[in-house]
Amino acid sequence: VQLQASGGGLVQPGGSLRLSCQLSGFGSGYYSMGWFRQAPGKEREGVSCISATGGATYYVDSVKGRFAISKDIKNTVWLQMNSLKPEDTAVYYCAAGRRHDCGYNGDYFDDRGYDYWGQGTQVTVSS
């Protein structure tokens, strides 16, 4: 199983980016999927996740109203990021969990809920 993320780049404050992540080699089955980010000198944090069927989505407070997560039946997940701020600058990672719901035991961004991780894509928000 592999996760391939793309779509990062340099954008000015207030701009938009759309990240995508393709899950491949998974055969049959369905997966919840999430986005995490890690800024320099900071711990990795969960940003957003979506249940396997796409019926439930979750966001960290700092991105609510600005970011939107979506996925298709082929387990490609997107993160539409609008009104970007310098504090959104980080390496963004996608992850997939072999379960319907996000995360683990009610914690949507608990690492134990994610079985596969992709390589990161850099997002830089700067003027």
Any donor-acceptor N/O pair, [X] side chain to [Y] backbone, under 3.5 Å:
{"X": "Y59", "Y": "I69", "value": "yes"}
{"X": "D72", "Y": "N75", "value": "yes"}
{"X": "K71", "Y": "A52", "value": "yes"}
{"X": "Q2", "Y": "L23", "value": "no"}

Are [X] and [Y] close enough that a side-chain donor and a side-chain acceptor fall under 3.5 Å?
{"X": "Y116", "Y": "R98", "value": "yes"}
{"X": "S16", "Y": "N82", "value": "yes"}
{"X": "T124", "Y": "Q122", "value": "yes"}
{"X": "H100", "Y": "S32", "value": "no"}

- Query: Using 4.0 Å as the upper bound for N to carboxylate O, is an ion pair formed by R99 and D101?
  - Reply: no

- Query: Does one hydrophobic cluster hold both Y31 and Y104, with members joined at side-chain heavy-atom distances below 4.5 Å?
  - Reply: no

- Close aromatic pair by centroid cut-off 6.0 Å: W117 and F36: yes

Answer yes or no: is there a side-chain heavy-atom contact under 4.5 Å between [X] and [Y]?
{"X": "L17", "Y": "V123", "answer": "yes"}
{"X": "L84", "Y": "Q12", "answer": "no"}
{"X": "Y114", "Y": "C49", "answer": "yes"}
{"X": "V91", "Y": "R37", "answer": "no"}
{"X": "V77", "Y": "I50", "answer": "yes"}

